[in-house]
Amino acid sequence: MQTRLVEYFLALHRERHFARAAASCHVSQPTLSAGIAMLETQLGKRLVHRDRKYVGLTPEGEAILPWAQQLVAAAEAMGQVAGTARGPLKGELRLGAIPASMPATGYLVEAVRARFPELNVQLRALTSRQIERELSGFELDAGVTYLDFEPPAHTLAVPLYGERSMLVSSRGGIALPERPDWSDLGRLPLCLLPQGMQNRRILDARLAMLGLALRPIVTADSYLALLAIVRQGQLCSIMPTSHAMLLDGLDWAIATPLPDTGDLNRVGVIVSDHTPMSPLAQSVLAVARDLQLPRDML
């Protein structure tokens, strides 16, 4: 069985469209279709429902999916091991990171590039649930996410820092307490991340323990969008203190630390707990263990 045929199958499952799957594999659509048909012939089972376009996987296709993912990942790792036996680590590190971790992830990427200069990094902003799902499906080599709240299953982790919160507002905008407490936030007009993102779920859970609940006026799924809203002066937001460095030089922005609500939210690097571990996963864990973040992020 050719690994390339399995890659065609996985691309079709991922893209859910023959033309897009073919493009992602850098082949023509007839080549991809013929390859999947050949794979079906070799297995003696129909793997894909077809009705002029992609409909979905058959039960047989669903059954082989995790094995197909593991096979392709093992083949890629085998090539990396062979290539690094007498040379530097090469290839592409596929890294997913929650938006809240992006300032620290920038330091991680720089450290990876410094240690492995011939390695390329593909960084994607994902939710914690997407990271866990794509790690299990061998679509990511590593992730940066929360470690304790809704802890990711079947992973190995290296903590990077503990997250604190700050209130971000616009200078000359709405009036704020000089030293805001969590109990003050219920009276403030807020824009926050949506509850589909783990940072917001953690925030809501922490405040529920204090008998508090937040009801934002606006939600947005990126901190860039929240900052754009806050800049207008009518709303304020809650962000991780690690983002304070991104506010340097913004004369309109005011960042005020909020009291700790208990244990800090640990953020760290995770990889799938598979044996043997791929060279890419080993490399990012090694870098994470040695990474020294600036004191204002800790």
- Message: Just checking Leu210: does its CG atom have more than 12 heavy atoms from other residues, nucleotides or ligands closer to it than 6.0 angstrom?
- Response: yes
- Task: For the residue pair Phe9 and Leu57, establish whether any side-chain heavy-atom pair is separated by less than 4.5 Å.
- Result: yes
- Message: Using 0.5 Å steps for rounding, measure from the CG atom of Leu293 to the OH atom of Tyr161.
- Response: 8.0 Å
- Query: Would you call Leu12 and Val48 a side-chain contact if the rule is heavy atoms closer than 4.5 Å?
  - Reply: yes
- Item | CG on Leu95 to CG on Leu280, rounded to 0.5 Å | 11.0 Å
- Item | Pair Glu15, Tyr54: side-chain N/O donor-acceptor within cut-off below 3.5 Å | no
- Note on the structure: CZ of Phe116 to CG of Leu93, rounded to nearest 0.5 Å, is 9.5 Å
- Query: Can you get from Val144 to Val109 by hopping between Ile, Leu, Val, Met, Phe, Trp and Tyr side chains that sit under 4.5 Å apart?
  - Reply: yes
- Item | Glu139, Gln130, Glu134 screened by side chain to side chain donor-acceptor pair (under 3.5 Å) with Arg124, the one that passes | Glu134
- Test item: Ser222 side-chain N/O and Ala225 main-chain N/O as donor-acceptor pair under 3.5 Å: yes
Which donor-acceptor pairs under 3.5 Å do the side chains of residues 22-38 make with protein atoms, sequence neighbours left out?
unit_1 : atom_1 : unit_2 : atom_2 : d
Ser24  : OG     : Arg14  : NH2    : 3.4
Ser24  : OG     : Ala21  : O      : 2.7
Ser28  : OG     : Thr31  : N      : 3.3
Ser28  : OG     : Thr31  : OG1    : 2.8
Ser33  : OG     : Gln29  : O      : 3.1

- Message: Working note: Arg206 + Asn265, criterion side chain to side chain donor-acceptor pair (under 3.5 Å); need CA distance, chi angles, decisive distance, verdict.
- Response: CA-CA 10 Å; Arg206 297 284 193 192; Asn265 308 322; 2.8 Å; yes
- Query: Are any non-hydrogen side-chain atoms of Leu135 and Pro152 less than 4.5 angstrom apart?
  - Reply: no
- Pair listing, salt bridge (Lys or Arg N to Asp or Glu O under 4.0 Å) test, anchored in residues 98-120, at least two apart: Lys90-Glu118, Arg115-Asp290
- Nearest-0.5 Å distance that lies between atom OG1 in Thr3 and atom CE in Met78: 7.0 Å
- Query: With distance as the sole test, does His17 use its side chain to make a donor-acceptor pair with the main-chain N or O of Arg20 at under 3.5 Å?
  - Reply: yes
- Message: Does Leu126 form a side-chain contact (heavy atoms from CB on, under 4.5 Å) with Ile98? I'd like the steps, not just the answer.
- Response: CA-CA 5 Å; Leu126 301 171; Ile98 55 173; over 6 Å; no
- So, Asp251 and Arg171, do they make that salt bridge, N to O below 4.0 Å? no
- Ile202-Met197 co-clustered via ILVMFWY side chain contacts under 4.5 Å: no
- Would you check, one step at a time, whether the test side-chain contact (heavy atoms from CB on, under 4.5 Å) holds for Leu156 with Ile270? CA-CA 5 Å; Leu156 300 175; Ile270 62 171; over 6 Å; no
- Message: Please give me the minimum heavy-atom distance between Phe138 and Gln70, naming the atom from each residue.
- Response: CE1-CA, 3.6 Å
- Message: Are Met239 and Leu190 connected into the same hydrophobic cluster when the rule is that any two of I, L, V, M, F, W, Y join if their side-chain heavy atoms are below 4.5 Å apart?
- Response: no
- Query: Sub-3.5 Å donor-acceptor pair from the side chain of Ser278 to the main-chain atoms of Ala281, do we have one?
  - Reply: yes
- Query: Asp141 side chain to Arg94 main-chain N or O, any donor-acceptor pair under 3.5 Å?
  - Reply: yes
- Query: Any chance CD of Gln234 has more than 12 other-residue heavy atoms, nucleotides or ligands included, within less than 6.0 Å?
  - Reply: no
- Message: For Leu212, is there any backbone N or O sitting under 3.5 Å from a side-chain donor or acceptor partner on Trp182?
- Response: no
- For Arg46, does its backbone N or O pair with a side-chain atom of Thr58 as donor and acceptor, under 3.5 Å? yes
- Task: Before accepting this row, confirm whether a basic side-chain N of the pair Lys45/Glu40 lies closer than 4.0 Å to the acidic partner's carboxylate O.
- Result: no
- Minimum-distance pair of heavy atoms, taken over all atoms of Gly162 and Leu264: CA-CB, 4.0 Å
- Message: Give me the atom names and distance for the closest heavy-atom approach of Ala97 to Met102.
- Response: O-CE, 3.8 Å
- Quick one: closest heavy-atom pair of Ser237 and Leu226, and the distance? OG-CD1, 3.6 Å
- Heavy-atom nearest pair, Leu176 first then Ser169, reads CD1-OG, 3.0 Å
- Query: Are side-chain heavy atoms of Tyr146 and Glu163 found at a separation under 4.5 Å?
  - Reply: yes
- Item | Pairwise side-chain contact, Cys191 with Val230, heavy-atom cut-off 4.5 Å (strictly under) | yes
- Query: Is any side-chain N of the basic residue among Arg4 and Glu7 closer than 4.0 Å to the acidic one's carboxylate O?
  - Reply: yes
- Task: State, with a plain yes or no, whether a side-chain heavy atom of Ser128 is found less than 4.5 Å away from one of Arg201.
- Result: yes
- Task: Find out if a path of hydrophobic residues (ILVMFWY) with successive side-chain heavy-atom gaps under 4.5 Å connects Ile229 to Leu193.
- Result: no
- Message: Between Gln69 and Leu10, is there a side-chain heavy-atom distance shorter than 4.5 Å?
- Response: yes
- Note on the structure: To the nearest 0.5 Å, atom CG of Leu47 lies from atom CD1 of Ile64 at 4.5 Å
- Are Ile254 and Val168 side-chain neighbours, meaning at least one heavy-atom pair lies under 4.5 Å? no
- Note: Met166 and Ala255 closest approach over all heavy atoms is SD-CB, 3.6 Å
- Message: Taking NE2 in His49 as the centre, count heavy atoms belonging to other residues, nucleotides or ligands within less than 6.0 Å. Is the count above 12?
- Response: yes
- Task: Indicate, with yes or no, if Leu235 and Leu250 share a hydrophobic cluster defined by side-chain heavy-atom contacts under 4.5 Å among Ile, Leu, Val, Met, Phe, Trp and Tyr.
- Result: no
- Message: With rounding to the nearest 0.5 angstrom, report the CG to CE distance, Asp204 to Met209.
- Response: 13.5 Å
